[in-house]
Amino acid sequence: AQSVTQLGSHVSVSEGALVLLRCNYSSSVPPYLFWYVQYPNQGLQLLLKYTSAATLVKGINGFEAEFKKSETSFHLTKPSAHMSDAAEYFCAVTTSGGYNKLIFGAGTRLAVHP
Amino acid sequence: EAGVTQFPSHSVIEKGQTVTLRCDPISGHDNLYWYRRVMGKEIKFLLHFVKESKQDESGMPNNRFLAERTGGTYSTLKVQPAELEDSGVYFCASSQGVVKYNEQFFGPGTRLTVL
């Protein structure tokens with residue numbers, strides 16, 4: 001069975017600082033991995049996804065994530081935080097076998113302060 | 001292009017009452033999913049429709065929950081009778097095609113409060 005662990009339910013950074021949101025997954029088969037973001041009063045929006053092509057994946061709004069099989073990790077980074085990045089971020093996994101359902105982590109709320 | 005829409009945005013009901021949530025997917029999307037987030041916990045899968053058929057309903061908590069997708073368009077999720085533990089945010093998502101890493105587009109959710 002697949003599972004996702006997001007370390008840190010709350011992360012706070014200064015504007016302009018590096019953003020690092022951690023995600024570790026468990027899967028017995030090759031995974032597909034996703035990062036979604038939820039801004040207040042909106043639905044989840046896809047930031048980026050890993051589909052076994054390139055291990056370094058670039059997404060929208062300057063975010064990127066690196067798939068590391070040896071560490072079973074898919075951490076999300078952004079070199080310089082903006083105030084507009086304040087939101088909740090979710091890591092999710094699905095697999096090539098079975099059904100399409102996404103398995104989510106518990107989410108990380110990112111605060112950006114001046 | 002309109003995104004996934006959900007109605008109502010909020011619902012407050014008494015324990016034992018019935019509530020029906022509605023989801024309109026993106027036009028042309030055959031796949032429709034329901035997820036739920038109970039406060040402070042992770043978003044959990046409830047079920048997956050392909051057109052009007054239930055492909056996977058392994059996440060439905062119990063038989064108080066009934067999901068339908070008549071004609072393969074919009075979907076409803078009925079909770080009858082509602083219990084306190086049903087409170088949470090119910091998300092609907094839709095996607096196109098059969099490729100498993102196709103993006104699921106999410107609606108804004110319905111916040112259900114059972115008193």
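All chains are named by letter (A, B, ...) in the order of the sequence lines, taking the proteins before the strands, and each is independently numbered beginning at 1.
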Query raised in the report: Does atom CZ of B:F7 have more than 12 heavy-atom neighbours from other groups under 6.0 Å away?
Result: no
Query raised in the report: Hey, are the side chains of B:F106 and A:L102 touching, using non-hydrogen atoms and a 4.5 Å cut-off?
Result: yes
Query raised in the report: Yes or no on side-chain contact (heavy atoms from CB on, under 4.5 Å) for A:Y36 and B:I43, after CA distance, side-chain angles and deciding distance?
Result: CA-CA 12 Å; A:Y36 279 85; B:I43 300 169; over 6 Å; no
**Report entry** A:L56 with A:L48, same ILVMFWY side-chain cluster at under 4.5 Å
**Finding:** no
**Report entry** B:Y33 reachable from B:L112 in the ILVMFWY side-chain graph, under 4.5 Å edges
**Finding:** no
Query - Closest non-hydrogen atom pair between B:E103 and A:K49, with its separation - result: N-NZ, 4.0 Å
Query raised in the report: When rounded to the nearest 0.5 angstrom, what is the spacing between OG1 in A:T94 and CG in B:N102?
Result: 11.0 Å
Query raised in the report: Among A:V4, A:T51, A:L33, who wins on heavy-atom pairs under 4.5 Å with chain B?
Result: A:T51
**Report entry** Under 4.5 Å from a heavy atom of chain B, the part of A:Q38 involved
**Finding:** side chain
Report task. Using the disulfide bond (SG atoms under 2.5 Å apart) rule, collect all pairs that involve residues 30-89 of chain A, keeping only residues at least two apart or in two chains. Result -> none
Query raised in the report: How about residues 54-76 of chain B versus chain A: which residues have heavy atoms under 4.5 Å apart?
Result: B:Q55, B:D56, B:S58
Query raised in the report: Roughly how far apart are B:R37 CZ and A:L44 CG, rounded to 0.5 Å?
Result: 8.5 Å
Query raised in the report: Shared ILVMFWY cluster between A:L47 and A:F90, side chains joined below 4.5 angstrom?
Result: no
Report task. Measure the spacing between CG of B:L47 and NZ of A:K101 and express it to the nearest 0.5 Å. Result -> 11.0 Å
Query raised in the report: Can you find a heavy atom in the side chain of B:K41 that is under 4.5 Å from one in the side chain of A:F104?
Result: no
Query raised in the report: Would you say A:W35 and A:V11 are hydrophobically clustered, going by side-chain heavy atoms of ILVMFWY under 4.5 Å?
Result: yes
Report task. Answer yes if B:L84 and B:M39 sit in the same cluster of Ile, Leu, Val, Met, Phe, Trp and Tyr residues linked by side chain heavy atoms under 4.5 Å apart, and no otherwise. Result -> no
**Report entry** side chain to side chain donor-acceptor pair (under 3.5 Å) partners for B:R111, two or more places apart
**Finding:** none
Report task. Sequence neighbours left out, what passes side chain to side chain donor-acceptor pair (under 3.5 Å) with A:K78? Give chain and number order. Result -> A:D85
Query - Max heavy-atom pair count under 4.5 Å with chain A, selected residue of B:F91, B:F45, B:F105 - result: B:F45
Report task. With a 4.5 angstrom heavy-atom cut-off, could you sort out which part of B:Q6 is near chain A: side chain, backbone, both or neither? Result -> neither
